[in-house]
There are 2 protein chains.
Amino acid sequence: MSDSSHGGESLLFLTDEQLRKGIEAMYFAYRGFTADPDRILDNYAYGRAHHRAVHFINRNPGTTVNNLLSILGVTKQSLNRVLRTLIADGLVESRVGKRDKRERHLFLTEAGTALEQELSNAQRDRMRDAYRKAGPQAVSGFRQVLEAMMDPDMRRHFNMIKDSN
Amino acid sequence: MSDSSHGGESLLFLTDEQLRKGIEAMYFAYRGFTADPDRILDNYAYGRAHHRAVHFINRNPGTTVNNLLSILGVTKQSLNRVLRTLIADGLVESRVGKRDKRERHLFLTEAGTALEQELSNAQRDRMRDAYRKAGPQAVSGFRQVLEAMMDPDMRRHFNMIKDSN
DNA sequence: TTGGAAAGTCAACAAGACTGACATAAAATC
DNA sequence: GATTTTATGTCAGTCTTGTTGACTTTCCAA
């Protein structure tokens, strides 16, 4: 504690007020984060649940239902309802597994990829603007804090998607 | 672009993959962010809507219903249902305005303050841990990016609560 | 005094989460 | 080979939290 400036600083900045502002920043920012996709989804009579499914199927093509389940942290009944409509609407394809025929592997169709693009373009635009305003160093800190805030299970999933960054 | 290292960097780091990882980080971190309060709320048969109401009434004692409405961005019917149960359960007190008797000013009772404490302690603990792991500089960046991500209306609310930081 | 804003209420509805029960097929194990 | 476990799907019902629409009461202000 009596060592260089760093030690003192790391105690001082953790005031109750700082933490509360962090909590509120998280809340308001998340609203912004979801606002653009939500508007788009309204046009398709889909919701956030569909967005999440489409997002992670795109990021992990061929993922099984079970894997998606553990990423999304919902019940299979809940996910199934979403997948059923996406498959019926021709956005997602479900293929029986070759090694294990019990498993279903999920893929986006062309139409599914198109929706994913539309949604993620909007979300990336906002993210890009925020990154630009804040600058590269801020982005690094942003990512560090978010990662530290995750539950270990979610962090595992986070780091497993693609080859990380 | 041919100037010092900074100019090049601010273009390079905004790859599609970086932005997608930012989006996923936001998603997984928000789950962690809400996990602890959600567990506590289960014990009281309350939900996130109750948490939000209690949080912002605590931060802005005496706030009117209308002001709370614009902070939370829900319909008055939705908020009213939540407030009704909180008032009925003795966590929130609604006082008729003195200047304008149509307005109701909202305050936490002792019991309401106790619940707010329990919830925000849990949430601050996680925030504090994340801040400690990431360090002061990361926290600054975290806050900058989040603020840049907000919708202008929300940013206004964010900066209006208390005397900011 | 009348119009409109603020607040509240009632009703109906939808998304999206949940639980529980049950079905089927296939893999794994005994 | 029989049994158990796993993966998935489905039906039914519930809960929270959001929505819209219609309507009332209160009361400030032009």
Side-chain angles (χ1 to χ4, degrees), chain A residues 27 30-31 34-35 37-57 62-89 92-107, chain B residues 27 30-31 34-35 37-57 62-89 92-107:
Chain A
Y27 169 67
Y30 196 78
R31 300 241 317 254
T34 55
D38 282 354
R39 265 189 293 273
I40 293 167
L41 289 159
D42 278 347
N43 303 330
Y44 297 89
Y46 290 142
R48 271 184 213 177
H50 301 84
H51 183 188
R52 292 196 279 263
V54 162
H55 175 94
F56 286 110
I57 292 170
T63 183
T64 62
V65 173
N66 246 2
N67 184 45
L68 202 50
L69 235 38
S70 77
I71 289 175
L72 296 175
V74 296
T75 58
K76 62 173 179 172
Q77 293 92 328
S78 201
L79 176 59
N80 189 254
R81 184 179 22 185
V82 167
L83 285 180
R84 219 185 308 166
T85 69
L86 289 174
I87 291 167
D89 295 352
V92 168
E93 197 193 341
S94 167
R95 297 184 205 152
V96 174
K98 284 186 178 171
R99 253 188 20 205
D100 188 334
K101 289 176 190 167
R102 290 170 306 180
E103 292 179 340
R104 301 299 137 90
H105 298 278
L106 302 168
F107 299 88
Chain B
Y27 169 67
Y30 196 78
R31 299 239 320 251
T34 54
D38 281 355
R39 266 189 293 273
I40 293 167
L41 289 159
D42 277 347
N43 303 329
Y44 296 89
Y46 289 143
R48 271 184 214 176
H50 301 84
H51 183 189
R52 292 196 278 262
V54 163
H55 174 94
F56 286 109
I57 293 170
T63 183
T64 62
V65 173
N66 245 5
N67 184 45
L68 201 51
L69 234 38
S70 76
I71 288 175
L72 297 175
V74 297
T75 57
K76 61 177 179 173
Q77 293 92 329
S78 199
L79 175 59
N80 190 255
R81 186 175 22 190
V82 166
L83 286 179
R84 219 186 312 165
T85 70
L86 290 173
I87 291 167
D89 295 352
V92 167
E93 197 193 340
S94 167
R95 296 184 206 153
V96 175
K98 286 186 174 169
R99 253 189 17 203
D100 186 336
K101 289 175 190 168
R102 291 168 305 179
E103 292 180 342
R104 301 299 136 91
H105 297 277
L106 302 168
F107 299 87

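In this text, all values refer to a predicted model and were calculated from it rather than measured experimentally. The chains referred to below are lettered A, B, ... by the order of the sequence lines, with proteins before strands, and numbering in each begins at 1.
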Colleague: To the side chain of Gln77(A), which of dC28(D), dG18(D), dA12(D) is closest?
Modeller: dA12(D)
Colleague: Of the nucleotides dC11(D), dT17(D), dT8(D), which one has an atom closest to the side chain of Arg84(A)?
Modeller: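 Closest nucleotide to the Arg84(A) side chain: dC11(D).
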Colleague: Name the nucleic acid region contacted by His50(A), choosing base, sugar-phosphate or nothing; use a 4.0 angstrom heavy-atom cut-off, strictly under.
Modeller: sugar-phosphate
Colleague: Any side-chain heavy atom of Val54(A) sitting closer than 4.5 Å to one from Ile57(A)?
Modeller: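 Contact flag for Val54(A)/Ile57(A) side chains = no.
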Colleague: What does Gly73(A) touch in the nucleic acid at a heavy-atom separation under 4.0 angstrom: a base, only the sugar-phosphate, or nothing?
Modeller: sugar-phosphate
Colleague: Which nucleotide, dC28(D), dA7(D), dG8(C), lies nearest any side-chain atom of Lys101(B)?
Modeller: dC28(D)
Colleague: Of the options dA7(C), dA7(D), dG18(D), whose atoms approach the side-chain atoms of Asn66(B) most closely?
Modeller: dA7(C)
Colleague: With a non-hydrogen cut-off below 4.0 angstrom, is Arg48(B) in contact with a base, only sugar-phosphate, or nothing?
Modeller: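 Since only primed, P, OP1 and OP2 atoms lie under 4.0 Å of Arg48(B), the category is sugar-phosphate.
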Colleague: Side chain of Arg104(B): nearest nucleotide among dG8(C), dG16(C), dT20(D)?
Modeller: dG8(C)
Colleague: Applying side-chain contact (heavy atoms from CB on, under 4.5 Å) to Arg52(B) and Tyr27(A), what does each step give before you reach the verdict?
Modeller: CA-CA 9 Å; Arg52(B) 292 196 278 262; Tyr27(A) 169 67; 3.4 Å; yes
Colleague: Check the distance between dA14(C)'s P and Leu41(A)'s CG and give it to me in whole angstrom.
Modeller: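 Checked: the CG to P distance equals 19 Å.
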Colleague: On DNA chain C, nearest-nucleotide positions of Leu69(B) versus Asp100(A): which is more 5'?
Modeller: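 Taking each residue's closest nucleotide, the earlier one in sequence belongs to Leu69(B).
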Colleague: So which nucleotide from dG9(D), dT5(D), dG8(C) ends up closest to the side chain of Ser94(A)?
Modeller: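 So the side chain of Ser94(A) is nearest to dG9(D).
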Colleague: Please report the distance, rounded to the nearest Å, between CG in Asn43(B) and P in dT16(D).
Modeller: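 In whole Å, dT16(D) P and Asn43(B) CG are 14 Å from each other.
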Colleague: Atom CD of Glu103(A) and atom C1' of dA27(C): how far apart are they, to the nearest Å?
Modeller: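 Checked: the CD to C1' distance equals 10 Å.
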Colleague: Can you tell me if Tyr46(B) and Asp89(B) form a side-chain donor-acceptor pair at under 3.5 Å?
Modeller: yes
Colleague: For Ser78(B) and dT17(D), is the shortest distance between a side-chain N/O and OP1 or OP2 below 4.0 Å?
Modeller: no
Colleague: Verify, without hydrogens or angle tests, whether Arg31(A) (side chain) and Leu72(B) (backbone) share a donor-acceptor contact under 3.5 angstrom.
Modeller: yes
Colleague: Could you check which of dC28(D), dA7(C), dG18(D) has an atom nearest any side-chain atom of Val74(B)?
Modeller: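 Selected nucleotide (nearest to the side chain): dG18(D).
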Colleague: Calculate the interatomic distance between Asp42(B) atom CG and dC18(C) atom P; express it in whole Å.
Modeller: 11 Å
Colleague: Distance check needed: dA17(C) P versus Tyr46(B) OH, whole Å only.
Modeller: 24 Å
Colleague: Given atom CG of Asn80(A) and atom C1' of dC22(C), what is their separation to the nearest angstrom?
Modeller: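 Going from CG in Asn80(A) over to C1' in dC22(C) covers 14 Å.
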Colleague: Below 3.5 Å, does any donor atom in the side chain of Lys76(A) face an acceptor in the base of dT8(D), or the other way round?
Modeller: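 Check passes, donor-acceptor contact within cut-off.
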Colleague: Any N or O donor-acceptor pair linking the side chain of Arg102(A) to the base of dT6(D) at under 3.5 Å?
Modeller: yes
Colleague: Report yes if some heavy atom in the side chain of His105(B) is under 4.5 Å from a heavy atom in the side chain of Thr64(B); otherwise report no.
Modeller: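 Side-chain contact under 4.5 Å: yes.
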Colleague: Is Arg95(B) near enough to dA7(C) that one of its side-chain N or O atoms lies under 4.0 angstrom from OP1 or OP2?
Modeller: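 Checking dA7(C) against Arg95(B), no side-chain N or O comes under 4.0 Å of OP1 or OP2.
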Colleague: Between the base of dA17(C) and the side chain of Arg81(A), is there a donor-acceptor distance below 3.5 Å?
Modeller: yes
